[in-house]
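Lettering follows sequence order; numbering is per chain, from 1.
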Amino acid sequence: MMTIPTDDHPSLTEDDAAAAVAAANSAVVNIPHLKDDEAQQLHQQYEHHNPHQHDQDQISAQLSHQLSHQHYQQQQQQQQQHHHQQQQQQLQQHLHHQLQPQQQQQQQQAQRQVHHPLNHGHHLGMLNQPNETELLESVTKKVAPRSSDLFRVGPRFSDTRHHQDIYCKRNDMDVNPVLHARIDRGFEIGENGTWIGYKRNYFTLVTAFSLENFDFDRFIQNKFYTYEKSSARNGEPVGENKVEISYFAIRLVAKCSDNDVSISLIQHTAKRDKGPQFPPPIYPAVPGDLPDHETVKASCNKRNGSKIENMNKVFYFDRAEYYHDTNLDTLKDESILKNYPSDSIARVARFERIQFTSSIRIKSTSVNSRYFTLHVELLGIIEDEDLQIQPILLSSIETPPLIIRGRSPSNYHKERTSGYRGHLVPQ
DNA sequence: TTCGACACATACCA
DNA sequence: ATGGTATGTGTCGA
């Protein structure tokens with residue numbers, strides 16, 4: 001089956017990967033970045049500002065290009081060579097659909113923070129507490145690159161924070177969105193309670209949203225609207241315009257505690273260095289339930305066709321199949337469903353093989369308490385006056401502060417990566 | 001020091 | 001059980 005960018009098909013050749021990326025792009029929609037002022041306002045609410053927000057015009061121009069394959073491919077190549085530049089380009093997030101695989105027949109159970117060895121009050125006698133021998137080993141042994149133990153549940157996300165209200169078009173009812181997310185790989189907690197990740201290693205995150213009091217069928221039968229903060233050319237706020245939400249989308253962004261630092265994320269394919277790199281996609285999405293940790297873990301690196309198929313059922317909603325099964329006339333559908341850019345729509349946005357861009361300064365200059373946070377944003381994609389699609393930030397959730405350890409050997413000699421890292425607080 | 005590249009090693013997957 | 005993969009991390013050199 002066809003695979004896409006974030007997809008990792010073990011058997012992909014380099015060319016295949018490039019082709020997949022191109023193909024994916026063609027099936028994808030590009031969404032411009034939030035406007036500067038919007039973004040700033042939003043961030044301010046959190047105490048995060050991002051002065052380095054990109055130039056809107058530049059982005060728009062870029063967007064129009066993206067529609068072409070060719071341009072995208074070039075871009076891919078550039079990205080492979082220049083992370084920094086790609087960070088800018090990533091604005092044009094490709095929305096994406098599809099991806100991979102895998103099976104697992106389970107459905108989601110309430111996801112909860114899982115048992116982390118250091119999480120609870122386990123004590124000396126307990127198995128989870130390292131004894132001296134283990135500690136010794138922890139500084140001696142290497143982490144097995146493929147160890148399934150690398151899958152660990154990360155920090156809990158904050159409650160959903162709302163930025164723009166959502167209303168049901170039919171009855172003007174206020175709709176309450178809820179975001180769910182979980183980090184399934186890449187972060188571990190230190191004894192002091194700080195969450196630690198490694199710049200060189202991948203992390204995995206899954207996220208989904210739901211609309212309170214709207215089960216799937218009800219969602220499918222409705223349309224929604226929100227308000228767009230409008231502003232004059234000079235940036236003066238002018239008011240709010242009522243706008244219909246074409247469809248919902250989810251994206252992942254990273255921020256730094258240092259307001260002046262903008263950071264971004266990159267995603268690799270399973271080929272890593274041998275494959276393309278790109279910014280994490282924005283997933284057009286319908287409401288869904290978060291799969292449990294074991295499911296996500298099991299969805300990793302599958303190649304078996306039927307397993308992939310089953311896994312896709314967990315992560316994706318197949319619009320064409322839905323129309324067929326419900327005998328719905330595709331052309332007559334007047335619900336929000338028809339606005340989605342592809343038949344393969346995420347129920348759960350899965351971000352795999354994500355890393356902080358290599359350009360980030362981990363603990364540069366004095367700033368002692370620099371940390372990062374990951375934010376999941378629910379976007380309402382709308383069409384502006386010029387029929388250009390624009391994202392509106394509807395709500396978001398975020399992680400607690402994350403410490404990202406850099407490449408310095410000092411980060412590796414002490415606490416073992418996946419064993420018992422985190423006895424000491426990395427500054 | 002930091003970063004890209006390349007290399008090695010090892011558990012996963014079929 | 002075997003062979004191909006995927007990915008943590010060691011290392012070289014700019």
- Does OP1 or OP2 of C:dG4 have a side-chain N or O of A:Asn301 closer than 4.0 Å? no
- Would you tell me whether A:Ser408 and A:Asn411 have side-chain atoms, one donor and one acceptor, within less than 3.5 Å of each other? no
Taken to the nearest whole Å, NZ/A:Lys274 to P/B:dC6 is 8 Å
Rounded to whole Å, CZ of A:Arg185 lies from C1' of B:dA11 at a distance of 11 Å
Taken to the nearest whole Å, CD/A:Gln355 to C1'/C:dA6 is 13 Å
Please tell me whether A:Arg350 and A:Ser299 have a donor and an acceptor in their side chains that are separated by less than 3.5 angstrom. yes
OP1 or OP2 of B:dC12 sitting under 4.0 Å from any side-chain N/O of A:Ser148? yes
Applying salt bridge (Lys or Arg N to Asp or Glu O under 4.0 Å) to A:Arg319 and not counting sequence neighbours gives A:Asp343
Is the number of heavy atoms from other residues, nucleotides or ligands under 6.0 Å of A:Asp159 CG greater than 12?
-> no
_Under 4.0 Å from OP1 or OP2 of B:dT10: is there any side-chain N or O of A:Lys142 that close?_
no
Q) Between B:dG4 and A:Ser358, is there an OP1 or OP2 to side-chain N/O distance shorter than 4.0 Å? A) yes
Is the shortest side-chain heavy-atom distance between A:Val376 and A:Leu205 below 4.5 Å?
yes
note: A:Tyr412, atom OH; B:dA9, atom P; distance rounded to Å ~ 18 Å
Is A:Lys307 near enough to B:dA14 that one of its side-chain N or O atoms lies under 4.0 angstrom from OP1 or OP2?
-> yes
Tabulate protein N/O versus nucleotide N/O from nucleotides 11-14 of chain C, keeping only pairs under 3.5 Å, one per line.
| unit_1 | atom_1 | unit_2 | atom_2 | d |
| --- | --- | --- | --- | --- |
| C:dT11 | O4 | A:Arg407 | NH2 | 3.2 |

Here the distance between atom P of B:dT2 and atom CZ of A:Phe356, to the nearest Å, is 17 Å
Taken to the nearest whole Å, CG/A:Asn201 to C1'/B:dT10 is 15 Å
Taking B:dT10, B:dT2, B:dC13 as options, the one with an atom nearest any side-chain atom of A:Lys302 is B:dC13
Item to complete: Inspect the contact between A:Glu398 and A:Arg161 and indicate whether a charged nitrogen and a carboxylate oxygen are less than 4.0 angstrom apart.
Response: yes
(request) State, yes or no, whether a side-chain contact exists between A:Thr399 and A:Trp195 at a heavy-atom distance under 4.5 Å. (result) no
By ring-ring contact (aromatic ring centres under 6.0 Å, His included), A:Phe356 pairs with (sequence neighbours left out) A:Phe203, A:Phe372
With the side chain defined as heavy atoms from C-beta on, A:Ser408 is closest, among B:dC6, B:dA11, B:dT2, to B:dT2
Whole-Å distance, A:Arg405 CZ to B:dC3 P, equals 17 Å
- [ ] State whether A:Arg353 places a side-chain N or O below 4.0 Å from either non-bridging phosphate oxygen (OP1 or OP2) of C:dT7.
- [x] yes
Taking only the side-chain nitrogens and oxygens of A:Lys271, find out if one of them lies under 4.0 Å from OP1 or OP2 of C:dT7.
no
A:Arg272 has its side chain closest, among C:dT7, C:dG4, B:dC3, to C:dT7
Winner on side-chain proximity to A:Arg303, out of B:dT10, C:dG8, C:dG3, is C:dG3
Testing B:dC6, B:dA14, C:dT7 for proximity to the side chain of A:Asp273, the answer is B:dC6
Separation of B:dA14 atom P from A:Arg146 atom CZ, nearest Å, is 11 Å
